[in-house]
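Data block below; observations after.
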2 protein chains.
Amino acid sequence: MARTTGSHSEITGPRIRAAALRLFARHGYAAVSMRQIATEVGVQAGALYNYTADKQSLLFSLMRGHMDELLAAHAALGQGGTPTDRLERFTRFHISFHTDRPEAVFISYMELRSLEPENFRIIEALRREYEDALESILRDGMAGGAFTIADPKIATLAVIAMLTGVNTWYRSAGRLSLDEVEQVYWDMVHRSVTG
Amino acid sequence: MARTTGSHSEITGPRIRAAALRLFARHGYAAVSMRQIATEVGVQAGALYNYTADKQSLLFSLMRGHMDELLAAHAALGQGGTPTDRLERFTRFHISFHTDRPEAVFISYMELRSLEPENFRIIEALRREYEDALESILRDGMAGGAFTIADPKIATLAVIAMLTGVNTWYRSAGRLSLDEVEQVYWDMVHRSVTG
DNA sequence: CTTTGATCTGAACGGCTGTTCAGTTATCAG
DNA sequence: CTGATAACTGAACAGCCGTTCAGATCAAAG
């Protein structure tokens with residue numbers, strides 16, 4: 001039987017993570033104090049240390065969680081179909097996944113420099129894993145003649161940069177629906193890798 | 001005759017800006033203290049205030065200077081030629097200008113949230129001005145039939161995001177020369193806006 | 001009820017923050 | 001040289017920082 005004596009941890013824990021996510025995204029890791037996070041949760045600063053070893057671990061945990069989610073969701077996409085099919089799936093997945101959690105995405109890109117070296121290496125390895133998945137699609141498409149790409153490494157980074165850029169302007173209440181946005185980007189991505 | 005009594009300001013001033021640029025880019029605005037900047041320059045913290053009203057003004061001045069340089073350099077590019085010519089010029093210009101000053105670029109994108117509202121509005125207006133220049137090229141190309149673009153606004157942001165992404169990986173001692181990089185990106189940009 | 005232990009408070013720790021300013025130093029004009 | 005003044009120092013200001021911890025609080029188990 002689970003220990004539940006005097007336990008609020010299943011409420012407070014997630015609330016701390018949510019508050020930290022929002023504040024880090026809005027003001028930046030260095031600009032946010034533990035006291036601000038605590039105030040947002042309605043608790044004293046000391047209480048945060050029941051849930052995280054220190055401020056750095058809280059940041060790392062948020063980023064690690066985001067990357068794990070990203071890779072898990074991508075793995076669930078499946079590998080079937082032609083390279084063109086797979087590239088379209090990747091494009092649409094990237095856009096919908098990223099626009100769905102803008103704060104986590106923002107933090108995971110902007111706060112890399114706030115990570116201690118060991119933590120940085122871990123996050124970067126996960127990011128590389130994701131990039132490699134796209135690069136494989138492009139290479140397969142080149143091998144099969146579906147894509148014409150001068151440099152698959154650069155093309156990978158160029159496509160990801162282009163797609164992630166959606167987050168800088170997309171709002172769900174905006175002019176275009178998510179599906180329309182996906183369509184526009186898929187057209188551009190597709191054309192950029194085909195003669 | 002210029003006042004020069006006891007003057008080191010023409011040496012110290014630029015050194016402060018250079019140190020601030022490097023430190024802000026590396027660690028982030030909020031994470032860098034005035035004392036760190038001063039130490040880098042070899043001066044006490046108080047001396048910085050002969051050159052900037054406060055820390056915020058120092059950041060804003062760096063960003064404003066960068067955006068002014070960007071717009072001036074872009075204006076010097078000229079407007080002649082077909083939309084395709086102009087798009088190629090824009091693409092190559094954007095890459096070479098941005099890879100040439102990675103720290104200023106980094107700050108100008110990442111530290112927008114560190115600007116006070118009034119300063120933010122000014123920088124954002126300058127950025128919009130630059131984006132509008134690209135959008136004009138795309139619209140002219142659509143009107144003339146050279147480009148096929150579903151949504152010129154989105155295409156503008158997509159192209160800029162893709163091009164600015166070069167800064168995340170480009171190193172002048174890397175595998176590809178700047179000219180090769182420009183060529184690869186120009187191919188992708190060109191194809192992404194043409195059927 | 002009492003007991004138990006997870007949860008949280010509130011105060012304290014040393015240290016760093018941006019900024020100000022009286023006083024010192026260094027450079028140049030005359 | 002003297003006088004002027006730009007440039008800089010060094011100390012001080014009030015306030016916030018991340019983190020720790022003894023003690024209070026509270027919900028569930030027995």
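Lettering of chains follows the sequences in order, A, B, ..., and the numbering in each one begins at 1.
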Over how many whole Å does the gap from M34(B) atom CE to dT9(D) atom C1' extend?
16 Å
Rounded interatomic separation in angstrom, taking CD from Q44(A) and P from dA12(C)
14 Å
Tell me the interatomic distance from Q56(B), atom CD, to dT19(C), atom P, rounded to whole angstroms.
9 Å
Does Y49(B) have a side-chain nitrogen or oxygen under 4.0 Å from the phosphate oxygens OP1 or OP2 of dA7(D)?
no
Would you mind classifying the nucleic acid contact of Q36(B) as base, sugar-phosphate or nothing, using non-hydrogen atoms under 4.0 angstrom?
sugar-phosphate
Atom-to-atom span, CG of L48(A) to C1' of dC21(D) - whole angstrom
15 Å
V41(B) near the nucleic acid: base, sugar-phosphate alone, or nothing, with a heavy-atom cut-off under 4.0 Å?
nothing
Closest of dC17(D), dA12(D), dG10(C) to the R35(B) side chain is dA12(D)
Ring-face cation of R101(A) near F97(A) (centre distance under 6.0 Å, axis angle within 45°):
yes
Between R26(A) and F106(A), is NZ or CZ placed under 6.0 angstrom from the six-membered ring centre and within 45° of the ring axis?
no
Are S33(B) and dC16(C) close enough that a side-chain N or O sits under 4.0 Å from OP1 or OP2?
no
Length of the line joining D54(A):CG and dT20(D):P, which is rounded to integer Å
8 Å
Side-chain ion pair, R89(A) and E182(A), N-O less than 4.0 Å:
no
Can you tell me how far apart CZ (R86(B)) and CZ (F90(B)) are? Round to the nearest 0.5 Å.
11.0 Å
Checking side-chain polar atoms at under 3.5 Å, does H94(A) have a donor or acceptor matched by the opposite partner on Y130(A)?
yes
With nearest nucleotide decided by heavy atoms, which residue, K55(A) or A45(B), maps closer to the 5′ end of DNA chain D?
A45(B)
Which atom pair, heavy atoms only, marks the closest approach of P152(B) to R139(B)?
CG-NH1, 3.5 Å
Looking at residues at least two apart in the chain, or sitting in another chain, which of them share a salt bridge (charged side-chain N to carboxylate O under 4.0 Å, His left out) with D68(B)?
R64(B)
N/O (side chain, T12(A)) to phosphate O (OP1/OP2, dC8(C)) under 4.0 Å:
yes
Which ones in residues 16-31 of chain B lie close to DNA chain C, meaning a heavy atom under 4.0 Å from one of its atoms?
none
Tell me the interatomic distance from N50(A), atom CG, to dT19(D), atom P, rounded to whole angstroms.
14 Å
The residue, A47(B) or G46(A), whose nearest nucleotide of DNA chain D is more 5′ is A47(B)
